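The block underneath contains the structure these notes are about, expressed in structure tokens.
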Amino acid sequence: MAFRIYNTMTRSKEELVPLDGKHVRMYTCGPTVYNYAHIGNFRAYMFEDLLRRYIKFCGFGVTQVQNLTDVDDKTIRSSIEQGLPLRKYTKKYIEAFFDDLAKLNIEPAEHYPAATDHIPEMIALIETLFEKGYAYQSDDGSVYYSIDKFPTYGKLARLDREGMQSGARVDQDEYDKDNAADFALWKAYVPEDGDVVWDSPWGRGRPGWHIECSAMSMKLLGESFDLHTGGVDNIFPHHEDEIAQSEAATGKPYSKYWMHCGYLVVDGRKMSKSLGNFYTLREILDMGYTGREVRYELLSAHYRQSLNFAFKSLDANRAALKRLDEFYANMVEAAGTETEAGKLPAWASGTRAAFAEAMDDDLNISGAMATIFDMVHAGNKAMAEAPITGKEALAVSNLWKELDAVLGILMPPEGQVDPEVAGLLEARTVARTEKNWAESDRIRDRLAELGWTVKDTPEGPKLRKL
RNA sequence: GGUGCGGUAGCCAAGCGGUUAGGCAGUGGAUUGCAAAUCCACCUAGAUCGGUUCGACUCCGAUCCGCACCUCCA
């Protein structure tokens, strides 16, 4: 089977075949570091994480670049408001971003280029566009890209270029542009920019938004690379403009595939501050949910579908994860000290292939999760009838880890049994043999306060992290 | 106006032209000192109206409803 992905450019599913046949070079649009990222942002980063993990599962190598947009209207405005230099201001949010990624068990990308570290590359790219006749300078000193010079402009978004003049948000004041839809490559300095300014052949100013991604992606991945991703809202104008800039400058195809994830919505509406349905990851963790539960939630719908975020789903995820943890804990116990994995039991033998078949179909996460729950169900049923061997259990446990390399939610959180807990468990066992149920239940309540649940089984009491 | 996505059982969410998706919640039972966990059983849907077909949730058409994008929002 082959991994097939939905390419926004062709609007169809295509087999992922890296340009060099074995290594996928991917560029994933990253955060604007002016605030803590919200869970809608993380939906996109989660999709990209699942994608890179599955690409690796398929046996390809991966080089992922994720940019940090640290210069734009928002970062400038906020840093001035707080009286901080731009870099000092964004540093806080860059650190918070990496912190949040770790909490969500998102694998780090290979490169995190910051826009402010690549101004010379952007200037060089704009110069090339000037040489080739795609760029022009307007009266206010800003440099624009002339979309009329790029015949295929609009191919990604499938824009009706004639119909664009009826668009809702065309700026009425931009008299000095050749075409209202031309976009800025370089923005001339304005006082609102404070000390955020660079010299360029066209005067002092700062780069436009789109140029950073073109400059940094081509620097780190080459003029043509495999995969470019982002949220659906990036299709236009951001990605359309990147294509126009990059392909005009190099004369070569830019990204081979384009993938875009749908929105995370809250109560059926796009998250926004004005609607009051805006959540950062931090806020959710402060409410007592774990990064793992949030990860499960962000992973739970197909990436191109909009995902309705709800706290009651988070609660449901907790129950589902508990069930998975229980199964895995049983495997670990059954494996004991066994070091040599045997054959998978019949109920687990088809799981890997079924999982891959689902994921091969444009990351069908729902189908993939179903194969795991099917295995858990079948395994529990089989083990209720006959125990499995340590070798079999170890094989299942290895499979579990292999699948978790893709999902990142299967492995239970680390929970060490400290001496106090072990002592309580021992005391409870004594109380139970004496049939002192009041004492036994009191200790069980105490263990629950410490975050442990105890279950009595034919093999003796077992502890589980709550 | 243009472009795109969607409407599936109490909730979330998939595949599929004919065979139980899955998860959560709920109900009954087994098990348990009581629990927990587990197992068994039940809960079996496809916005509306047409069409194609031996047969449609699945294909086609229309309608209704929801959401998003249309110049810097993942």
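Reminder, nothing fancy here: chain letters follow the sequence lines and each chain counts from 1. These numbers were taken from a predicted model, which means no experiment stands behind them. All values below were derived from every heavy atom in this structure, side-chain atoms included, with hydrogens, water molecules and symmetry-related copies excluded.
Residue contacts for A/Ile235: at a heavy-atom cut-off of 4.0 Å it reaches no nucleic acid atom on any strand shown. Contact annotation for A/Asn364: backbone-only contact, meaning every heavy-atom pair under 4.0 Å involves sugar-phosphate atoms and none involves a base.
Across B/rC59 and B/rG7, the matching P atoms stand 11 Å from one another, rounded to whole Å. For the C1' atoms, the distance linking B/rU53 with B/rC11 amounts to 35 Å, nearest Å. The separation of B/rA36 from B/rG4, taken at their C1' atoms, amounts to 48 Å, rounded to a whole angstrom. Nucleotides B/rU20 and B/rU8, compared at atom C1', are 16 Å apart to the nearest Å. Straight-line distance between the C1' atoms of B/rA9 and B/rA47: roughly 14 Å, to the nearest whole Å. Remark: the separation of the C1' atoms in B/rC16 and B/rA35 is 42 Å, to the nearest Å. Taking the C1' atoms as reference points, B/rC73 lies 29 Å from B/rA14, given to the whole Å. Taking atom P on both B/rA21 and B/rA45, the two are 10 Å apart, rounded to the nearest angstrom.
Between A/Phe225 and A/Tyr27, the ring planes lie tilted relative to each other; the angle falls in the 30° to 60° range. Using bins of under 30°, 30° to 60° and over 60° for the plane-to-plane angle, the ring pair A/His210/A/His238 lands in the tilted bin. Note on ring orientation: taking the six-membered ring where Trp is involved, the planes of A/Trp258 and A/His260 are parallel (angle under 30°, cut-offs 30° and 60°). Aromatic ring pairs are classed by plane angle as parallel below 30°, tilted from 30° to 60° and perpendicular above 60°; the pair A/Trp400 and A/Phe327 is tilted.
At least one side-chain nitrogen or oxygen of A/Arg323 sits closer than 4.0 Å to the OP1 or OP2 atom of B/rG23. Remark: A/Arg304 is not in phosphate contact with B/rG6, judged by side-chain N or O atoms under 4.0 Å from OP1 or OP2. Neither OP1 nor OP2 of B/rC5 sits under 4.0 Å from any side-chain N or O of A/His302. Taking side-chain N and O atoms only, A/Lys312 has no distance below 4.0 Å to OP1 or OP2 of B/rA25. Between B/rU38 and A/Asn380, no contact under 4.0 Å exists linking OP1 or OP2 to a side-chain N or O.
Atoms CG (A/Asp315) and P (B/rG10) sit 21 Å apart, rounded to a whole Å. For the pair A/Phe278 CZ and B/rA74 P, the computed distance is 10 Å after rounding to whole Å. Nucleotide B/rA74 holds its P atom 16 Å from the CG atom of A/Leu104, rounded to whole Å. In this structure, A/Met359 places its CE atom 13 Å from C1' of B/rA14, rounding to the nearest Å. Atom CG of A/Asn436 and atom C1' of B/rC34 are 14 Å apart (whole Å).
When each of B/rC72, B/rC39, B/rG6 is scored by its nearest atom to the side-chain atoms of A/His377, the top-ranked nucleotide is B/rC39. Comparing B/rG23, B/rG33, B/rC34 by their nearest atom to the side chain of A/Ser440 picks out B/rG33. Each of B/rA74, B/rC40, B/rG22 was ranked by its minimum atom distance to the side chain of A/His38; first place goes to B/rA74. For A/Thr32, counting side-chain heavy atoms from C-beta on, the closest listed nucleotide (B/rA74, B/rA25, B/rC72) is B/rA74. Comparing B/rA74, B/rG6, B/rC24 by their closest approach to the side chain of A/Tyr263 singles out B/rA74. Among the nucleotides B/rA74, B/rA14, B/rC40, the one closest to any side-chain atom of A/Ala301 is B/rA14.
Residue side chain A/Arg158 does not reach the base of B/rC70 through any donor-acceptor N/O pair under 3.5 Å, judged by distance alone. One donor-acceptor pair, N or O on each side, does fall under 3.5 Å between the base of B/rG33 and the side chain of A/Asp441. For B/rG23, its base never sits under 3.5 Å from the side chain of A/Ser300 at any donor and acceptor pair. Residue A/Lys74 places no side-chain atom within donor-acceptor reach of the base of B/rC73, judged by atom type and a 3.5 Å distance cut-off alone. Between the side chain of A/Arg428 and the base of B/rG33, a donor-acceptor pair under 3.5 Å is found.
Taking the six-membered ring for Trp, A/Phe98 and A/Tyr112 have ring centres closer than 6.0 Å. For A/Phe42 and A/Tyr279, the distance between ring centers is not under 6.0 angstrom.
For A/Phe373 and B/rG22, the ring-to-base geometry does not satisfy the stacking test (centroid distance below 5.5 Å, interplanar angle below 30°).
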Intra- and inter-strand pairing of RNA chain B, written as dot-bracket with Watson-Crick and G-U pairs under 3.5 Å and | for the latter, reads (((((((..(((.....[...))).(((((.......)))))....(((((..]....))))))))))))....
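Take A/Arg295 and apply the salt bridge (charged side-chain N to carboxylate O under 4.0 Å, His left out) test, not counting sequence neighbours, and it matches A/Asp49.
At most 12 non-hydrogen atoms from other residues, nucleotides or ligands lie less than 6.0 angstrom from NZ of A/Lys312.
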